[in-house]
2 protein chains.
Amino acid sequence: MPAKRERAQETRRRIIEQAARAIRAEGIERVGVGELMGRLGLTHGGFYAHFSSKEALAAEAIAAALAEQCEHLLAASEAGPAALVDVYLSRAHRDQPEQGCPLPAVAPEVVHGSEQLRHAFTEALRGYAARLAGRLPGEDPAAREETALALLSGMCGALLISRAVDDSALADRILSAARAAWHRLLAQPIGVQSSTRTPSGSET
Amino acid sequence: MPAKRERAQETRRRIIEQAARAIRAEGIERVGVGELMGRLGLTHGGFYAHFSSKEALAAEAIAAALAEQCEHLLAASEAGPAALVDVYLSRAHRDQPEQGCPLPAVAPEVVHGSEQLRHAFTEALRGYAARLAGRLPGEDPAAREETALALLSGMCGALLISRAVDDSALADRILSAARAAWHRLLAQPIGVQSSTRTPSGSET
DNA sequence: CTCCTCATATGATCATCATCATATGATCAC
DNA sequence: GTGATCATATGATGATGATCATATGAGGAG
């Protein structure tokens with residue numbers, strides 16, 4: 001009975017895909033199981049044939065969204081780290097959360113989530129930062145990874161606040177200010193802590 | 001009948017104060033009206049004598065929390081902008097969200113909140129950034145305000161991700177990496193956009 | 001052709017929660 | 001002291017939503 005099983009797997013995949021979009025746009029808690037299934041032309045009942053709980057789905061959806069966003073950023077960063085910043089902190093990214101980075105939408109909910117959810121989030125983030133680090137300037141791989149963590153979390157915050165704000169002019173200023181800051185920072189690699197080393201590498 | 005009215009005003013104040021703490025620790029949606037009143041030794045019924053809705057309370061509580069945190073940061077920044085960064089991105093701040101900055105906890109919920117809530121948030125944030133800007137290095141007031149926006153949103157993101165993560169070592173790395181990044185940035189003022197001006201001022 | 005299996009649907013159930021309607025009981029005016 | 005007033009309490013109500021129990025119906029096996 002391969003046909004049936006394939007169909008089920010395909011449904012499962014579609015649920016994750018849809019959840020990955022919905023969660024980024026609305027957050028985990030605001031997306032109901034029934035609503036999610038409804039968007040796929042299904043009903044709520046079948047959900048638990050695929051996932052043990054809503055949180056289990058959330059964990060998979062977050063990982064999927066992070067991986068997708070990571071690919072997107074890696075592609076953008078082929079033009080250099082400045083391009084990466086510009087893509088992340090763009091108005092397009094701010095205004096299309098369902099296609100973008102899941103961090104701003106889900107991080108606050110992960111804080112209060114189950115152990116399982118937090119672990120899935122952590123591992124996905126680790127991979128995200130590690131891959132991004134390869135695109136950053138600097139010689140020391142450890143320092144590049146620190147930079148990646150600071151950059152990701154920092155840009156995530158700017159995007160989040162920019163989305164929360166009422167006034168579009170202020171929202172734009174937040175984005176452009178953050179872009180300027182990170183452009184500066186990436187122009188020279190960051191040493192660990194406050195120890196200032198001899199700066200060396202510059203662009204990719 | 002002043003005694004009665006004073007009592008009611010005092011109760012109202014206590015509700016806001018308690019909400020400001022609870023919201024920072026758990027987010028708006030996770031804090032129920034009944035639970036909140038219960039923590040004050042009251043019951044849920046009287047709530048609507050003080051506030052027209054839960055969101056109205058949230059708007060006031062967020063503004064109160066932002067103002068409180070602003071005072072705290074201003075005090076810390078008397079030792080210079082680096083101290084401000086160190087206080088915000090400290091483990092203590094990460095581990096005591098109910099006493100700290102409301103941005104990481106509430107921003108994601110504000111994004112999907114009512115117009116009223118978003119507006120209250122925006123105005124409070126504007127004041128927060130403006131006051132902080134006074135403590136930042138640089139000659140141009142406009143540029144200092146840009147820096148304040150980038151700094152606030154960026155640090156908020158680092159704190160948020162640090163709280164979400166499972167692994168305390170990784171959480172600490174996020175904080176220290178962000179500290180290093182912002183120390184660097186504040187060592188020289190940021191120009192607007194990517195236009196590079198002649199850097200001038202340095203520390204406080 | 002008939003039965004079985006499994007993916008999905010239908011229809012509870014149970015909990016949580018914001019909100020409102022009404023009751024109570026203390027404080028204040030007279 | 002006695003009645004009015006208002007802050008707070010008690011007790012619905014209605015909505016939402018996760019989860020589960022059971023039904024259905026289309027494949028595939030014999």
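By convention in this document, chain letters (A, B, ...) are assigned in the order of the sequence lines, proteins followed by strands, and residues within each chain are numbered from 1. Being a predicted model, the structure only gives us computed values, none of them experimental.
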Side-chain donor-acceptor contact under 3.5 Å, B:Asp167 with A:His119: no
B:Tyr48 side-chain N/O to C:dT19 phosphate OP1/OP2 under 4.0 Å: yes
For atom CD of A:Gln9 and atom P of C:dA7, their distance in whole Å: 9 Å
Spacing of A:Arg30 atom CZ relative to D:dA18 atom P, expressed in whole Å: 13 Å
Straight-line distance of A:Leu36 CG to A:Arg21 CZ, nearest 0.5 Å: 12.5 Å
A:Met37 CE - C:dT10 P separation (whole Å): 12 Å
A:Arg118 versus A:Val111, closest heavy-atom pair with distance: NH1-O, 4.0 Å
Whole-Å gap separating P (C:dC17) and CZ (B:Phe51): 19 Å
Touch class at under 4.0 angstrom, heavy-atom based, for A:Gly32 against every strand present: sugar-phosphate
5'-most by nearest nucleotide on DNA chain D - A:Lys54 or B:Arg12: B:Arg12
Touch class at under 4.0 angstrom, heavy-atom based, for B:Gly38 against every strand present: nothing
From D:dT10, C:dT10, D:dT8, nucleotide with atom closest to A:Thr43 side chain: C:dT10
d(CZ, B:Arg39; C1', D:dT8) in whole Å: 20 Å
B:Arg135 (side chain) donor-acceptor with B:Gly80 (main chain) under 3.5 angstrom: no
Rounded distance in Å - NE2 (A:His44) to P (C:dT10): 9 Å
A:Thr11 side chain near C:dT8 phosphate (N/O to OP1/OP2, under 4.0 Å): yes
Spacing of B:Leu40 atom CG relative to D:dA7 atom P, expressed in whole Å: 17 Å
N/O (side chain, A:His50) to phosphate O (OP1/OP2, C:dT8) under 4.0 Å: yes
Show every donor-acceptor pair shorter than 3.5 Å between a side-chain atom in residues 55-63 of chain A and any protein atom, with sequence neighbours excluded, or say none if there are none.
| residue | atom | partner | partner atom | Å |
| --- | --- | --- | --- | --- |
| A:Glu55 | OE1 | A:Ser114 | OG | 2.5 |
| A:Glu55 | OE2 | A:Ser114 | N | 3.3 |
| A:Glu60 | OE1 | A:Arg12 | NH2 | 3.0 |
| A:Glu60 | OE2 | A:Arg12 | NH2 | 2.3 |

Rounded distance in Å - CD1 (A:Ile15) to P (C:dA7): 12 Å
